[in-house]
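In what follows, chains are A, B, ... by sequence order, proteins preceding strands, each numbered from 1. All heavy atoms count here, side chains included; hydrogens, waters and symmetry mates do not.
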2 protein chains.
Amino acid sequence: MKTIKIITADDHPLFLKGLRDTLAEEPDFEVIDLANNGQQALEKIEKWQPDVATLDLDMPILNGIEVAKSILKNYPNIKIILLSMHKDTDIIRAAMALGIHGYVFKDDAVNDLVGAVRTVFGGENYISVDTNKKSFFLNNDNELIGELTKMEKLILREIANQKTTKQIADEHFISTKTVENHRANICKKLNLHGNNSLLKFAIKVSDSLV
Amino acid sequence: MKTIKIITADDHPLFLKGLRDTLAEEPDFEVIDLANNGQQALEKIEKWQPDVATLDLDMPILNGIEVAKSILKNYPNIKIILLSMHKDTDIIRAAMALGIHGYVFKDDAVNDLVGAVRTVFGGENYISVDTNKKSFFLNNDNELIGELTKMEKLILREIANQKTTKQIADEHFISTKTVENHRANICKKLNLHGNNSLLKFAIKVSDSLV
DNA sequence: AAAAAAATAGTGGCTAACCCTCATTTTTAA
DNA sequence: TTAAAAATGAGGGTTAGCCACTATTTTTTT
């Protein structure tokens with residue numbers, strides 16, 4: 001039986017140990033290397049070419065999304081599972097839109113991770129949520145953030161960085177009205193409505209905006 | 001040789017597993033029970049009367065500080081080690097002032113926890129020293145949050161959950177004006193000014209709100 | 001070169017959040 | 001059992017973001 005080669009990255013040593021031990025309990029899994037941050041994860045994944053990489057979302061230097069982007073682009077055969085504290089639909093949607101294969105909540109990791117590794121290794125996607133929610137995500141074809149233009153992404157990042165419309169306008173030498181138009185267009189594309197909805201969204205997905 | 005009896009509490013199963021495994025590797029340590037939240041921790045500590053209890057700071061129902069207070073008051077012989085993500089000097093100072101015996105950063109837990117258990121069991125206090133780690137974890141948001149009243153914390157949580165003033169008012173059967181007053185008082189206590197500053201803050205620290 | 005998309009800028013209206021002040025009742029603590 | 005703290009409620013004002021339009025210039029694509 002072929003073993004599934006895995007590389008695991010997390011910046012909390014104890015969590016990393018827990019992940020490694022959980023995975024190592026499976027006889028057909030082989031944790032070939034570990035990483036403490038995104039940069040190291042990228043290097044080790046490129047060096048070892050594992051079957052599956054499990055990446056923490058919040059890591060120093062490079063976060064999980066940034067590592068995933070690079071891997072997905074250069075090594076499309078390597079399956080990526082993202083681990084996160086956040087059970088946030090918007091972040092999950094953004095991650096899956098990037099082409100990440102699995103999304104596991106850290107709270108559920110001890111139960112779900114082994115299944116997630118087998119699932120993505122088999123070529124399917126895995127999201128650890130209640131089944132009713134799962135179907136919603138898998139059927140959702142909206143690429144959302146991916147549909148934004150360069151300027152719209154820039155402004156979304158600025159909003160996530162707590163900038164006001166006026167600040168953004170001043171710093172980029174454009175009219176506040178232009179910024180407002182971009183805001184409106186972003187809201188339309190992302191189906192956001194109501195008071196401060198864009199600000200809320202921007203802050204929530206700020207990890208995913210690179 | 002007498003074994004050191006330990007109870008460990010953490011709301012993240014994988015972290016809890018990591019802690020248990022780390023402690024269980026020591027031949028003279030005995031992890032007699034585990035807990036997933038503060039309430040359970042309190043019950044199990046009272047039931048088993050361990051030598052040492054390691055408590056996560058951020059746990060649902062009761063946080064580590066609250067559990068520690070109760071234990072220290074009723075069972076002064078049980079040693080308490082607090083585990084936290086936050087390298088916040090004010091929190092550490094507050095914890096040690098309460099009479100807590102050890103304070104270990106989760107980042108360093110895999111290296112420091114065994115030593116911490118031996119040290120506090122021997123009757124001394126233990127604080128895991130900041131090695132070369134990232135200083136951006138040092139923020140005083142949590143200290144400020146501690147000064148909020150129950151109602152203010154509740155409303156801050158609701159704001160972090162994307163609720164509007166009207167929604168909060170309706171769901172708790174109080175006037176929107178009351179909610180607005182609480183918002184204003186929270187802003188004062190936290191030194192927040194300007195448009196949507198409270199919303200931004202609430203979303204930012206939503207992980208720390210227990 | 002023409003068409004499409006993106007970036008630019010504006011008018012005007014609306015609402016939620018912020019900000020200040022004040023007052024009453026309830027709960028907690030000294 | 002008082003005094004302090006917390007929770008409740010309100011008036012009145014400012015502002016930033018949302019919303020629905022229209023319109024010109026620049027860039028990209030076909």
Side-chain angles (χ1 to χ4, degrees), chain A residues 90 142-206 209, chain B residues 65-66 69-70 73 98 141 143-206 209-210:
Chain A
D90 294 311
N142 300 345
E143 293 255 320
L144 291 168
I145 292 180
E147 283 178 8
L148 301 179
T149 67
K150 271 189 181 178
M151 201 63 190
E152 284 164 355
K153 279 183 189 169
L154 168 70
I155 285 177
L156 189 54
R157 277 200 300 278
E158 295 286 42
I159 297 170
N161 289 331
Q162 322 263 338
K163 302 274 179 69
T164 64
T165 291
K166 189 169 186 321
Q167 283 177 309
I168 299 169
D170 289 348
E171 287 170 25
H172 295 277
F173 309 107
I174 54 178
S175 161
T176 56
K177 271 300 161 186
T178 302
V179 178
E180 278 194 25
N181 284 332
H182 286 308
R183 293 185 86 120
N185 291 330
I186 296 169
C187 286
K188 268 183 195 164
K189 287 186 181 176
L190 302 183
N191 289 319
L192 298 173
H193 307 279
N195 208 36
N196 293 317
S197 54
L198 180 53
L199 176 64
K200 294 172 189 170
F201 179 86
I203 294 177
K204 272 198 302 184
V205 302
S206 58
L209 302 171
Chain B
I65 296 265
E66 291 170 304
K69 274 185 183 173
S70 176
K73 187 177 169 191
L98 280 175
D141 288 344
E143 185 211 358
L144 294 169
I145 291 175
E147 284 175 10
L148 301 178
T149 68
K150 270 190 182 179
M151 202 61 190
E152 286 163 354
K153 280 183 188 169
L154 168 70
I155 285 177
L156 189 55
R157 277 199 300 277
E158 295 286 41
I159 296 169
N161 289 330
Q162 321 264 340
K163 301 276 178 69
T164 64
T165 290
K166 188 169 185 323
Q167 283 177 310
I168 298 170
D170 289 348
E171 287 170 24
H172 295 278
F173 308 107
I174 55 179
S175 160
T176 55
K177 270 297 168 188
T178 303
V179 179
E180 278 193 26
N181 285 333
H182 285 308
R183 292 184 86 121
N185 291 330
I186 295 168
C187 286
K188 268 186 197 163
K189 288 187 181 176
L190 303 184
N191 290 319
L192 297 174
H193 308 280
N195 205 251
N196 293 314
S197 53
L198 181 54
L199 176 63
K200 293 171 189 171
F201 178 87
I203 295 176
K204 205 179 60 165
V205 303
S206 58
L209 301 172
V210 186

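- In this structure, A:Cys187 and A:Leu198 approach most closely via the heavy-atom pair SG-CB, 3.9 Å.
- Atoms CG (A:Asn185) and C1' (D:dG17) sit 15 Å apart, rounded to a whole Å.
- Nucleic acid contact class of B:Asn181 (heavy atoms, under 4.0 Å, all strands): base.
- For B:Asp170, the side chain to side chain donor-acceptor pair (under 3.5 Å) criterion is met by B:Lys166, not counting sequence neighbours.
- Two residues, A:Thr165 and B:Ile155, neighbour DNA chain D, and the one matched to the more 5' nucleotide by heavy-atom proximity is B:Ile155.
- Separating the CD1 atom of B:Ile186 from the P atom of D:dA7 is a distance of 10 Å, rounded to the nearest angstrom.
- A search for side chain to side chain donor-acceptor pair (under 3.5 Å) contacts involving A:Glu152 returns A:Thr149, A:Lys189, not counting sequence neighbours.
- In this structure, the CD atom of B:Glu180 is 13 Å from the P atom of D:dG9, given to the nearest Å.
- Atom pair A:Asn195:CG and D:dC19:P shows a separation of 9 Å (rounding to whole Å applied).
- Nearest approach of B:His182 to B:Met151, heavy atoms of both residues: NE2-CG, 3.5 Å.
- Remark: B:Ser70 pairs with B:Leu42, B:Glu46, B:Asn74 by the side chain to side chain contact (heavy atoms under 4.5 Å, CB included) rule, at least two apart or across chains.
- Between the CD1 atom in B:Ile168 and the CG atom in B:Leu154 there is a gap of 8.0 Å [rounded to 0.5 Å].
- Counting only heavy atoms from C-beta on, A:His193 has its side chain closest to D:dC19 among D:dC19, D:dG17, D:dA7.
- Residue A:His182 contributes atom NE2, which lies 7 Å from atom C1' of C:dT8 at whole-angstrom precision.
- The side chain to side chain donor-acceptor pair (under 3.5 Å) test applied to A:His172 returns A:Glu158, not counting sequence neighbours.
- Atom NZ of A:Lys200 is separated from atom CG of B:Asn196 by 9.0 Å, given to the nearest 0.5 angstrom.
- An end-to-end axis angle of 60° holds for the helix from C:dA1-D:dT30 to C:dT28-D:dA3, taken from five base pairs per end and rounded to 10°.
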* Quick one: what's the B/S/- string for nucleotides 25-30 of chain D, heavy-atom cutoff under 4.0 Å, read 5' to 3'? -> ------
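- A:Ile159 and A:Ala202 get closest at one heavy-atom pair: CG2-CB, 3.7 Å.
- At a non-hydrogen distance threshold of 4.0 Å, A:Ile174, A:Ser175, A:Lys177, A:Thr178 from residues 168-179 of chain A come into contact with DNA chain C.
- When the C1' atom of C:dA16 is taken as reference, atom CG of B:Asn196 falls 8 Å away, rounded to whole Å.
- The CG atom of A:Leu199 lies 10.5 Å from the OG1 atom of A:Thr164; values are rounded to the nearest 0.5 Å.
- Between atom CD1 of residue B:Ile186 and atom CZ of residue B:Phe201 there is a gap of 9.5 Å, rounded to the nearest 0.5 Å.
- Distance from the side chain of A:Thr164 is smallest to D:dG17 among C:dC18, D:dG17, D:dC18.
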Look for any protein N or O under 3.5 Å of an N or O in nucleotides 25-30 of chain C and output each such pair with its distance, or none.
none

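- A 4.5 Å side-chain heavy-atom check between B:Glu180 and B:Ile155 finds every atom pair outside the cut-off.
- Between C:dA7 and A:Thr149, a contact under 4.0 Å exists linking OP1 or OP2 to a side-chain N or O.
- Residues passing the side chain to side chain contact (heavy atoms under 4.5 Å, CB included) test with A:Ser175 are A:Lys177, A:Thr178, sequence neighbours excluded.
- Every residue two or more places apart in sequence or in another chain that forms a side chain to side chain donor-acceptor pair (under 3.5 Å) with B:Thr165 is listed here: B:Arg183.
- In this structure, B:Leu154 places its CG atom 15 Å from P of D:dA6, rounding to the nearest Å.
- Rounded to whole Å, atom P of D:dA16 lies 11 Å from atom NZ of B:Lys200.
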